[in-house]
Number of protein chains: 2
Amino acid sequence: MLTQRQALILKNIIRIYTQTEQPVGSKHLMNELPIQVSSATIRNDMAKLEEMGLLDKTHSSSGRIPSISGYRYYLDHLLEPSDVSSNDLAIIQQTFNQQYQMIDDIVEQSATILSTLTSYTAITLGPDVQDIKLDGFRLVALGNHQVMAILVTSAGTVQNQIFQVPESISGEDLEKAVRIINDQLVGQPLAVVAKRIQTDVPQMLMKYVSSPTGFLDIFGDVLKKAGSDHFYVGGRLNLLDFANNDVSSLKTLYSLFEKNDDLANLLRLPDFGTGDSDKIMVRLGDELTPHTLRNYSLITATYDVHNHGRGVIALLGPTSMPYSRIIGLLDLIREELARRLTDYYSNFDD
Amino acid sequence: MLTQRQALILKNIIRIYTQTEQPVGSKHLMNELPIQVSSATIRNDMAKLEEMGLLDKTHSSSGRIPSISGYRYYLDHLLEPSDVSSNDLAIIQQTFNQQYQMIDDIVEQSATILSTLTSYTAITLGPDVQDIKLDGFRLVALGNHQVMAILVTSAGTVQNQIFQVPESISGEDLEKAVRIINDQLVGQPLAVVAKRIQTDVPQMLMKYVSSPTGFLDIFGDVLKKAGSDHFYVGGRLNLLDFANNDVSSLKTLYSLFEKNDDLANLLRLPDFGTGDSDKIMVRLGDELTPHTLRNYSLITATYDVHNHGRGVIALLGPTSMPYSRIIGLLDLIREELARRLTDYYSNFDD
DNA sequence: TATTAGCACTCTAAGTCTTTAAGTGCTAAA
DNA sequence: TTTAGCACTTAAAGACTTAGAGTGCTAATA
């Protein structure tokens, strides 16, 4: 357990290091502390903090920098989220008050705000797709053998894709197939639908349609799209500022952002679903996979859309971030986002 | 005018510098030339080439590097495109033989191939939208006050967007409006359509529909999308390799890639439309705008889709590229792309 | 007992100096 | 016109020095 003064010292070393990115020496720190003690006293406490593994030195006679464990301790015991500045608040309100067409737009905008206000990189994910159901499926002929397939889910999300239809498949067949799909599968969870088009649906179609495979490929494609998570990444370019010329980790990250599965892995919380998932979690150092990211810090928060699942918003930045401000901000945006989405769904089925 | 030997020297300095990124000295060059001359002779020619502004020194006693003018001369007078290696050829053929759904996919794939084969960044643009006509407009109701608007053009491209429709607009009104649009505007160039919905169309709709503005906003939005160019950028990450830690130019470029207008400006050829536009053009140094890019080289080629306009493919890389190989490659992909798209359109209206 | 002044010690960063190797330009001879 | 020879230039790398920031320890102090 830390003495009060030791905690104060740790807290301030983290604060100063975040501002200057330079090791903090005892004399310098002396002038920054609210209490009056000599630099020797501070040195003694620093030595103890180092012994406990909470501080590091860059070389034997350098000032101290926070170690990963130091950040961990700070985050777990010392951090107090600060209120959002009125300036930030105004920006958030203003952005969320824009008129949106779709849920996805709101979620995407959250990533934009978050990255703009922090100068880091934000990642957001809409409410989870666990038990989303098929709400409807359409095919719209566009001429020139092109057909647009549209799938609507119970969560209000829409996926579409355009296909080049070979002449061998007749328009009537497609229409029949669509009718059967809607009759038989609407209202069922996407996962069930996905399973059934592998099992009994082909036979069912077979009775009325001459070649169901082509159609099922199309339907399957769009279904897959609708069933997979959609991540939004805001402020990609900010990475260039805080990844200190470490081109290799830059590459890792940027290619990570392109792959859904990798992003899902990155954001997956150790205790997702269990425990108090309302807490904002910070992971850094070896807590992060892949290990290429051990110089970064990832803050994740979930938000709860009443009766419509939970989503995730996250922020990726350097290990040394102004956590107080950032976490306050994240908390506000999470609440705001939950509120907007809950509103959205509440006047959904009228 | 250069002597034959001077040309040989310039050519080889460029070749060696491209491989090593190091200034080339007279002794080193002596061993690399196909002719037998002393280093003193080479030094004399080098001095003359420098006098002409074709070579530079990094310091008074260093070897020579090509100047921007040197590259210019090389590109204009000495360069001979080389044949595409059988390996590259195989990759190109294979990629183009995949089944595509849409024109846009083919154009996008070109950017991917080009960037993969070169390790640079590729930008492609579909055939130009000069006199594309409106082919059809649809509204598909998706439930929950959502409507998808779909616009098809005579070029076979499709744009769609989903809107939240306020209750004040009735479904019947929308249907009527769609019918009128299709009756009156199909077959007309997009530019004309865009103009008319500002002038006579509102009045026309007014007769049959109670509140045409909402509908026209929707239609206008999708129309705008369909009328603007769509660029594809492949191999963004390759920039990290050849932009030597120059974070500021990296930022310029990455934000450039996000803005349609900026990309259009970048690719706009000085003599676009006039002259022999079949030539592959290389721009470097001050020929490039914005000037932040003066350490890069941009190669642009147009491709001609029979009766369906021209498109552009481009490659952005460092000033010192293996131009012979690159230009050979670009030429092949341009032809291949033109062929595929011409094919595509040829069995379009049957 | 906790704090502090004092001081020897450590290490980096920045500057100076030296050396080496690669390269040039010029001169005079072939 | 080409070439051998040579004096000269420069960057890069290593050795050395110095200044400054910082530490850890000891002994005195409150």
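In what follows, every heavy atom counts, from backbone to side chain, and hydrogens, waters and symmetry copies are set aside.
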Student: Let me know the distance between CZ of A:R43 and P of D:dG22, rounded to the nearest Å.
Tutor: 11 Å
Student: Nearest whole Å is fine: how far is D:dG22 P from A:I42 CD1?
Tutor: 12 Å
Student: Can you work out whether B:A40 or A:P23 has the more 5'-proximal nearest nucleotide on DNA chain D?
Tutor: B:A40
Student: How many whole angstroms separate atom CD of B:Q6 from atom C1' of D:dT2?
Tutor: 14 Å
Student: Is the backbone of B:L284 close enough, under 3.5 Å, to the side chain of B:E287 for a donor and an acceptor to pair up by distance?
Tutor: yes
Student: Expressed as a whole number of angstroms, how long is the span from B:M46:CE to D:dT2:P?
Tutor: 16 Å
Student: How many angstroms lie between atom CG of B:L288 and atom CG of B:L266, to the nearest 0.5 angstrom?
Tutor: 7.0 Å
Student: Between P on D:dT23 and NE2 on A:H28, what's the gap in Å once rounded to a whole number?
Tutor: 12 Å
Student: Measure the spacing between OH of B:Y120 and CD1 of B:I299 and express it to the nearest 0.5 Å.
Tutor: 8.5 Å
Student: Base, sugar-phosphate, or nothing for B:K57, non-hydrogen atoms under 4.0 angstrom?
Tutor: sugar-phosphate
Student: Give the C-alpha distance, both sets of side-chain angles, the deciding distance and a yes or no for side-chain hydrogen bond (donor to acceptor under 3.5 Å, both in side chains) between B:S324 and B:E80.
Tutor: CA-CA 6 Å; B:S324 277; B:E80 296 148 24; over 6 Å; no
Student: To the nearest 0.5 Å, what is the distance between NZ on A:K251 and OG1 on A:T292?
Tutor: 13.0 Å
Student: Where each residue is assigned the nucleotide of DNA chain D containing its nearest heavy atom, which of B:V37 and A:G25 is assigned the position nearer the 5′ end?
Tutor: B:V37
Student: So, is B:S61 close to the D:dT10 phosphate, meaning a side-chain N or O under 4.0 Å from OP1 or OP2?
Tutor: no
Student: Can you check the B:N44 CG to D:dT3 P distance for me, whole Å?
Tutor: 10 Å
Student: I need the CD1-P distance between A:I16 and D:dG22, as an integer number of Å.
Tutor: 11 Å
Student: Checking B:D262 side chain against B:L256 main chain: does a donor-acceptor pair fall under 3.5 Å?
Tutor: no
Student: Quick check on D:dT23: is either OP1 or OP2 less than 4.0 Å from any side-chain nitrogen or oxygen of A:R64?
Tutor: yes
Student: Are B:R5 and B:D45 close enough for a salt bridge, meaning some N to O gap below 4.0 Å?
Tutor: yes
Student: Quickly work out the B:H59 NE2 to D:dT9 P distance and round it to whole Å.
Tutor: 13 Å
Student: Identify the 5'-most and 3'-most nucleotides of DNA chain C with at least one atom closer than 4.0 Å to a non-hydrogen atom of chain A.
Tutor: C:dT3 to C:dT12
